[in-house]
Visitor: 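Right, I'll just put the structure down here and ask away after.
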Amino acid sequence: MLEKAYDPKPVEEARLASWDAAKLSHSEPREGGRPFTIVIPPPNVTGALHIGHALNNSLQDAFIRHHRMLGQEACWVPGCDHGGIATQNVMEKQLKAEKVDRHALGREAFLERMQVWTRDCKKTILGQLHRLGASLDWQREAFTMDEPRAKAVFHAFKTLWERGLIYRGERLVNWCVRCGTALSDIEVEREERKGALYHIHYPLEDGGEGAVVATTRPITMFGDTAVAINPKDSRWRHLVGKRVRIPFTRVTIPIIEDDYVDFNFGTGCLKVTPAHDQNDYELGKRHGLPSVKAMTPDGKLSEAAGDYKGLSREKAHDQIIADLETQGYLRKKEDHKSAVQTCYRCGSFIEPLLSFQWFVKQIELAKAPLKSLDAGEFEIYPKNWEKPYRDWLVNIKDWCVSRQIWWGHRIPVWYCVTCTNPIAYLKSEIQIRTGSDAGMQTSQWSAKEILNGGYSFKDLISLDPYFEFEAGKDVDAESVKSFPGIRISSVRPASCEQCGNDHWYQDKDVLDTWFSSALWPLAVFGWPEKTKDLAYYYPTSTLVTGYEILYLWVARMQMMGHAFLDKPAFPDAVIHGIVRDKSGKKMSKSLGNVVDPLVMMEKYGTDALRFALMVNAHPGKDIAFDEQTVVAARNFVNKLWNSTRFVLMNLPETAPAGGYTLDTLSSRRLETADAWILSRYQATLAKARASLDAYDPAAAAEALYVFLWDEFCAWYIELAKGRLLGAEGADKDVARIILVQVLTGSLKALHPLMPFVTEEIYAALKPYAGEDAEFVLKGGYHELGHDWSDPAVEGEMSRVMGAVASIRSLRSQLNVPPGLKIKAVAEGPFAEAVIGKHRAYALALAQLESVEPVNGGRPAQSATAVADGVTFFIPLAGVIDFAKERERLAKDLAKAEGDIGKCEAKVKNLSAAASAPAEKVAEAKAQLDAALARRDRLKETIAVLS
RNA sequence: GCCCAGUUGGCGCAGUGGUAGCGCGCUCCCUUGACAUGGGAGAGGUCAUAGGUUCAAAUCCUAUACUGGGCACCA
């Protein structure tokens, strides 16, 4: 016999063990039919899983199990992502705590530590997924930086390079000063900040009144190479052609004209800093302005800033403002709000920084995904994400894929140091501003001079990582033909064909972590090898992820999928929301509102957590997570458990041969409740199935919850009790068959959402259900094989239920003790239906001693319950307070009047409309008649009482 | 600035043209032999606002307000 309360822990352990032993979640290519395939969004190896992962993976598991139940070969590939910057940051924090300097440790040792960390972290994450019940194909575990995936990354890089889609060039990129690396445009977050707009005077070179520029960032002034005005702006026309001096320096810069300048903003004078602002960069290019870096990659002011050199951004800002003020350069300061950019990994302010980076050309790659979207070969659920997705692809910019960190796939580019003439790679002239306020000067050094000055190419590389290979033009497959000495190779190339030496130097940068993630759906199946798995499982079926990585990941997978296999990586993407705290705030460690899924699983069981998430996982919507929901789900699990206990208690110790099956039922005599629950059951299964097909687990969860709790437990079980307590016989067996089959079938439908308890219960029920599947997943959903849908019986039953509810309500309001059986009499058009055919139901559920038809008028001193088509009188001589009873009935009457009003309006509307369907009119009239009848009953009753 | 979602009882959410629902919370009653992680009965909402379409609007359309998000930004 089952325990009184469900205890999840031992059940979960045992079930996991048996699933593992049976390799239940393993998939192999098989003949016939397309498989259902999902690749997991690989969690970063940055630590443990959070509640968002629990949601993401519960969803995927639900879909995977659903398709297994449907008999499809289903494959869900597990794995982790090395997580680039995010993971390196975790390690850097650890090192900081140990007071170890990363650079002192060195790249090799650092990477070794990362490997150890990764191994442990993967174990933790996969262990947690396992505990969640995720039916991942454990034999297919992949990692974005393991051997096969490295091959895929190299192959992808090489192929794109050969197609001319990869290049290296000097561009203004988003630079995270803290992480010390470039970021792609979509790795940058924006937030509105209150700040100030400073009006700064740039005097003419002769000291006269010059231009007043408006800027939010005075610290970039040392990188200014012009001041621009709008050609139509008469206020500043007189300055055109003249030169102004940057405050604190002797550097003079020209006044130029450009339509881009908005004369309504600030002073109408724009300081132009090509090295630190995207628009200025464009403007600088148009006017052939030089780019001067006012800041170094570590976020300090550069040589160009004279005495401010070496100050941090914040300190320099304060200092410069103070100095501008005391020296009279600051003309005005006004409040101004502007958007600042922050790093999505560490939150530091992003600097636009001019540097050499690797890029993937995107316009070509975006064409195929756009086409497949338009053709409906790729759909996003919910659909409203398709527009942003399309817009992003249409307006796509080249993807900066180089990162100046250590953790990642090293860029597979090698430079022959000796053979290649470094001069060819260097800009013919390198401009460096040196000196101080006293004597700022610009030096032009030719590359030849640098090398002649004793620096070797190799030295230059090691001197300054941002100084290397300053080629005069972009490097790509085409241009490199004139730069012999560059090789695309995953390993150190053999000696150079040209010079015979093997002085190779590998590019120091690593690839954006999303580069390897983009290849995930291909790489997990062995691409670029033409494997059997790839042929069978690719393209995958569905991708399930959050909207925050729609561009970062989903779009890129589609681009890569098309680029290499000419197909979308998946035809469906399910975009879910994020899990917030119960008041709707984003969870964050600093707010202290994070929910640990393991704690929830520990407290309430895994099924409860999963169900709580699923029942709220409305497509695309964020979830406000409240622990109370998990409690409710736990209670539901317990309800299932106990309903099973009840059913088992009422079954013989050993199941009859073949079990209690529905086969013979259609020819047997069914009670109303039997036919009703079968009809409801069929509808519920259909709803659950359709909902999961449509990626709407919340609808499936809701349907099953309501059916099992409110209809099956609260009504059907109660109504079946009479027969179950009675003598053995056909009637009893009918009840048993229905109890067993409906419960078993509902549990199967529920299995994708709560795998553990359903598996456990299934094991106990299956001999009675006449089944022998080893696991729920092996047996598939309950196929009814007969149409049990019966709207008439559902109507009949709802009338009985309404009648019962009216008596219960009356009892409660008259404070009749719940256990006290009372007598009732009834009248009305449906009295016979309720107290004749369904007398037993009324007696059992309304705790009546007897219910008889009215003989010779209403009983005196009785309370009245008016339901649709039947009125009950409950004689309560001496007990009733007539005043109270009248009050109670008056309330019912008011409600009835209200209903009549609404019904009358509806009937009137419908009758007036030529277009109204006849059945609707009839339905409305019936509703009105019922309401009218109820009102009349109530009025009569009140009259009698008065 | 543009675009997209959302605005329904105390809280969290369903509900896409025909008399407003669920979970939690709240009130009252009940330890009746599946389950107090339970049962029964209640209170509580003119569905953000203003127009419009329709016989009929929470539901469709248009504006407005607020909230959240995406994109793009004038320094």
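Each chain gets a letter, A, B and so on, in the order its sequence line appears, and its residues count up from 1.
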Visitor: Would you tabulate the pairs of protein nitrogen or oxygen atoms and nucleotide nitrogen or oxygen atoms of nucleotides 20-31 of chain B closer than 3.5 angstrom?
Guide:
from, atom 1, to, atom 2, distance (Å)
B:rA20, OP1, A:Lys902, NZ, 3.3

Visitor: To the nearest Å, how far apart are A:Leu613 CG and B:rC13 P?
Guide: 14 Å
Visitor: Categorize A:Cys269 for me: base, sugar-phosphate, or nothing, with a 4.0 angstrom heavy-atom threshold over every strand shown.
Guide: nothing
Visitor: Under 4.0 Å from OP1 or OP2 of B:rA14: is there any side-chain N or O of A:Lys621 that close?
Guide: yes
Visitor: Using a cut-off of less than 4.0 Å, is there contact between a side-chain N or O of A:Lys4 and OP1 or OP2 of B:rA36?
Guide: yes
Visitor: Calculate the interatomic distance between A:Trp385 atom CH2 and B:rG6 atom P; express it in whole Å.
Guide: 12 Å
Visitor: With a distance cut-off below 6.0 Å to the six-membered ring centre and an angular limit of 45° from the axis, does A:Lys639 pair with A:Phe712 as a cation-pi contact?
Guide: no
Visitor: Any donor and acceptor pair, going by atom type alone, linking the side chain of A:Asn638 with main-chain N or O of A:Tyr6 inside 3.5 Å?
Guide: yes
Visitor: Starting from the 5' end of RNA chain B, give me the residue, A:Lys397 or A:Gln813, whose nearest nucleotide shows up first.
Guide: A:Gln813
Visitor: Just distance, no hydrogens or angles: give the donor-acceptor pairs under 3.5 Å from side chains in residues 211-223 of chain A, sequence neighbours left out.
Guide:
from, atom 1, to, atom 2, distance (Å)
A:Thr215, OG1, A:Arg217, N, 3.0
A:Arg217, NH1, A:Glu351, OE1, 2.7
A:Arg217, NH1, A:Glu351, OE2, 3.2
A:Arg217, NH2, A:Glu351, OE2, 2.8
A:Thr220, OG1, A:Arg217, O, 2.9
A:Thr220, OG1, A:Lys271, NZ, 2.6

Visitor: Where the side chain of A:Asn642 meets the backbone of A:Ala5, is there a donor-acceptor pair that is under 3.5 Å apart?
Guide: no
Visitor: Taking the P atom in each of B:rC28 and B:rU16, what is the distance between them to the nearest angstrom?
Guide: 37 Å
Visitor: Among B:rG42, B:rC71, B:rC35, which nucleotide sits nearest the side chain of A:Lys639?
Guide: B:rC35
Visitor: Quick check on RNA chain B: between A:Asp868 and A:Gly584, whose nearest nucleotide comes earlier from the 5' end?
Guide: A:Gly584
Visitor: Can you identify which nucleotide, out of B:rG40, B:rU19, B:rA34, has its nearest atom closest to the A:Asp899 side chain?
Guide: B:rU19
Visitor: Mark yes or no for whether A:Arg286, through its side chain, and A:Asp258, through its backbone, hold a donor-acceptor pair below 3.5 Å.
Guide: no
Visitor: Please identify each residue that fulfils ring pair (Phe, Tyr, Trp, His ring centres under 6.0 Å) with A:Trp392, with sequence neighbours left out.
Guide: A:Tyr551
Visitor: Between A:Arg811 and B:rA41, does any side-chain N or O lie under 4.0 Å from OP1 or OP2?
Guide: no
Visitor: Can a side chain N or O of A:Lys721 be found less than 4.0 Å away from OP1 or OP2 on B:rA34?
Guide: yes
Visitor: Do the side chain of A:Arg799 and the main chain of A:Asp868 share a donor and acceptor less than 3.5 angstrom apart?
Guide: no
Visitor: Examine distances only and state if a side-chain atom of A:Arg811 and a backbone atom of A:Leu820 form a donor-acceptor pair shorter than 3.5 Å.
Guide: yes
Visitor: Using a 4.0 Å heavy-atom cut-off across all strands, classify A:Glu386 as base, sugar-phosphate, or nothing.
Guide: nothing
Visitor: Select base, sugar-phosphate, or nothing to describe what A:Arg808 touches, counting heavy atoms under 4.0 Å on all strands.
Guide: sugar-phosphate
Visitor: What are the atom names and distances for every N/O pair under 3.5 Å that joins the protein to nucleotides 53-55 of chain B?
Guide:
from, atom 1, to, atom 2, distance (Å)
B:rC55, O2', A:Asn909, OD1, 2.5
B:rC55, O2, A:Asn909, O, 3.0
B:rC55, O2, A:Leu910, N, 3.4

Visitor: Whole Å only: how far is the CE atom of A:Met600 from the P atom of B:rU37?
Guide: 18 Å
Visitor: Which distance, rounded to the nearest 0.5 Å, do you find between the OH of A:Tyr547 and the CH2 of A:Trp385?
Guide: 6.5 Å
Visitor: Looking at the side chain of A:Lys891, which of B:rC35, B:rU19, B:rA43 is the nearest nucleotide?
Guide: B:rA43
Visitor: Picking from B:rA72, B:rA14, B:rA41, which would you name as closest to the side chain of A:His618?
Guide: B:rA14
Visitor: To the nearest angstrom, how far is A:Glu849 atom CD from B:rU32 atom C1'?
Guide: 16 Å
Visitor: Identify which nucleotide among B:rC73, B:rA41, B:rA34 has an atom closest to any side-chain atom of A:Met649, counting heavy atoms from C-beta outward.
Guide: B:rA34
Visitor: Is there a donor-acceptor contact under 3.5 Å from the side chain of A:Asp607 to the main chain of A:Phe756?
Guide: yes
Visitor: Just the dot-bracket of RNA chain B, please: which string comes out with Watson-Crick or G-U pairs under 3.5 Å, [ ] for crossing, | for another strand?
Guide: ((((((((.[[[[.)..(..]]]].(((((.......))))).....[[[[[..)....]]]]])))))))....
Visitor: Excluding sequence neighbours, so at least two apart, what forms side-chain contact (heavy atoms from CB on, under 4.5 Å) with A:Glu257?
Guide: A:Ile229, A:Pro231, A:Arg237, A:Val240
Visitor: Give the ring-plane orientation class for A:Tyr705 versus A:Phe611, where under 30° counts as parallel, over 60° as perpendicular and anything between as tilted.
Guide: parallel
